[in-house]
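For reference, the structure discussed in these notes is given below.
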Amino acid sequence: MNRRSVILGGAAALALPFVRARAAGPNFTANPFSLGIASGCPTQEGCVLWTRLAPDPLNGGGLDQTPVEVGWEIAEDEAFTRIVQRGTAQAIADEAHSVHVELRGLQPHRWYWYRFAAGSAISPIGRTRTAAAAGMMPLRLALASCQQYEQGYFSAYRHMAREDLDLVVHVGDYIYELSWGRQQIRRHLTGIPTTLLEYRNRYALYKGEADLQAAHAAFPWLVTWDDHEVADDYTNDRSPFQADAESFKRLRAAAYRAFWEHMPLPMSAKPSGSDAIIYGGWRFGNLAEIIVLDDRQYRSRHACFEGKRGAGLTGDCAERLSPDRTMFGATQERWLDQRLAQRNGRWTVIAQQTLMAELDRGRDAPAYWMDGWGGYPAARQRLLDGIAGHRVENPLVLGGDVHSYWVTDLKRDARHSDSPTVASEIVGTSITSDGPNPQYLERLLAKNPHVKYARADKRGYTTVRLGEQKAEIVFRAIDNVVDANTGIADLARFTIENGRPGAWPS
Ligand SMILES: [Fe+2]
């Protein structure tokens, strides 16, 4: 339970009309629920409900320092005739008047509907779903990443909201701090954020999009961040754009804070200064565990780039191969290994930021993308050794970041393509962000035999249906990212059979 939330218990409280919960609040002159509502972090008995009061969203929110009481209720039906819990939370200025209600005591494996009230306003209705407590009931999720606002409309989310899903997993680049792209249909209108207020306004710009709000309202989400929530290609306390680690950590603190304020995350994920623990594991009965990782906050600095400005493609060097290099940091890596040892389901889904497979991107001599796993081979080896050593059932790695669809076999020994496949890997394309050159991917496909599929020219998302005997993956592609009314189609389908790592076309 949110420390500032109060549950009104018992039948008498539930009989109170919802209007009573908001009687104390202000009379808003503009809609305070302009950024929508959301739910996330589903367990077998609850989830986190989120909203943020922002009647003037692009200018700091539009509220003064006064705390605002926000009523919430959750029901077994969309008409709210069977309300199961109701309460209030304090939205405070220090948290951008966001609320994060941590529910418990719900029934496993079922849909619920929720809404908020503040002052004279009532929010739209959201739908959420708890995880199964046991058994192998199928789980259907959508994988999303990379939604540069200037490069297209968020139409993919309108289609996603209509899918039959239990969950959305977002693996980062929810906002972009900078402007870029071959073609811009609209502009951020403000520059790269440097303060908490500016990061809040950037989230407000993105979260104002109706299609994104629809996908949040339709399903619970699990979220992690990548680099653009803070600064392009940052690693730990180092930004390519700031020489001084201390000033970068102040920026990171503001960016992390704004991320938490705008996501359906619990109090435990609220940053303390420039640190925040957002990784975790989520169980869905005996069917699956979804492990969500943070590969930005704790990682080693880019290899082989001393004195240069940022990461990129570079030839091999001794530093790249150093066993000291880490992607997750020692604490998270230890936690992950313990979690893998528990073998918590038929499927162990590892949701992280970017393409994990070894990928030689060089034309003649080998070359690696140092901001991706290419810069952290020893850390990848430790993870794959852990998966193999613990005999994890059906490990499935999900990623984003590269703005293209990929299917790969993660090999026990990345240098030998005939080495055993340890895990299946699926990488989803971007919601809007520009993809790489298709001819470049064709070349990488030809050169890297453990890569089974790579497609750069389409935007969209990926659905994954986990069942008792197989996982079914569909790459969903919108027709045209600059058309707000664009259609969607299946681009490709893959299947992973229980007990046989590696996805195959279906
Ligand atoms: Fe991205």
Side-chain angles (χ1 to χ4, degrees), residues 142-157 160 168-186 188 192-193 199 202-203 205-207 209 212 215 221 223-235 239-241 255 258-259 262-263 278 292-297 299 302 310-313 327 351-357 359 361 369-375 397-406 425-438 440-441 454-462 475 477-478 481-482:
L143 170 67
S145 64
C146 297
Q147 48 202 47
Q148 218 284 356
Y149 173 87
E150 298 168 308
Q151 295 174 13
Y153 296 108
F154 290 174
S155 315
Y157 281 125
M160 187 192 289
V168 174
V169 178
H170 197 291
V171 291
D173 291 356
Y174 188 99
I175 60 160
Y176 277 76
E177 87 292 14
L178 49 76
S179 298
W180 63 282
R182 290 186 288 268
Q183 180 184 13
Q184 297 184 342
I185 55 157
R186 51 188 180 178
H188 283 144
I192 295 173
Y199 278 109
R202 183 57 52 86
Y203 278 96
L205 179 69
Y206 280 55
K207 291 190 79 83
E209 291 291 294
L212 176 58
W221 285 40
V223 297
T224 186
W225 50 42
D226 195 18
D227 55 340
H228 288 287
E229 283 87 352
V230 184
D232 188 19
D233 284 353
Y234 86 94
T235 56
S239 163
F241 303 95
F259 178 83
H262 290 86
M263 293 294 155
I278 64 161
V292 180
L293 298 173
D294 173 0
D295 85 3
R296 280 287 160 192
Q297 187 174 183
R299 66 157 83 180
H302 293 137
L313 194 61
M327 194 60 139
Q352 46 84 55
Q353 282 74 5
T354 190
L355 179 74
M356 190 177 284
L359 204 58
R361 296 168 182 256
W369 183 255
M370 292 299 174
D371 189 59
W373 279 96
V397 172
L398 301 180
D401 174 52
V402 288
H403 308 174
S404 39
Y405 301 96
W406 295 74
E425 177 175 43
I426 302 290
V427 173
T429 195
S430 52
I431 293 288
T432 58
S433 307
D434 283 352
N437 183 333
Y440 174 54
L441 261 60
R455 178 100 183 232
D457 61 328
K458 289 291 185 181
R459 314 280 70 82
Y461 55 91
T462 301
F475 289 152
I478 54 169
V481 74
V482 299

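Both counts, for ligands and for their atoms, begin at 1 and track the order of listing. The basis for the numbers below is simple: all heavy atoms, side chains too, and nothing from hydrogens, waters or symmetry mates.
When the N, O or S atoms of Asp173 are ranked by distance to the Fe ion (ligand 1), OD2 comes first.
The Fe ion (ligand 1) has an N, O or S atom of Tyr176 inside 2.8 Å of it. Metal site remark for the Fe ion (ligand 1): Asp401 contributes no N, O or S atom at a distance under 2.8 Å. The Fe ion (ligand 1) lies under 2.8 Å from an N, O or S atom belonging to His403.
Here the closest heavy-atom approach between residue Gln148 and residue Leu178 is recorded as NE2-O, 3.1 Å.
We find the CD1-OH distance between Ile192 and Tyr199 to be 8.5 Å, quoted to the nearest 0.5 Å. Atom OG1 in Thr462 sits 8.5 Å away from atom CG in Leu398 (nearest 0.5 Å).
Asp434 and His403 share no donor-acceptor pair across their side chains, judged by distance under 3.5 Å alone.
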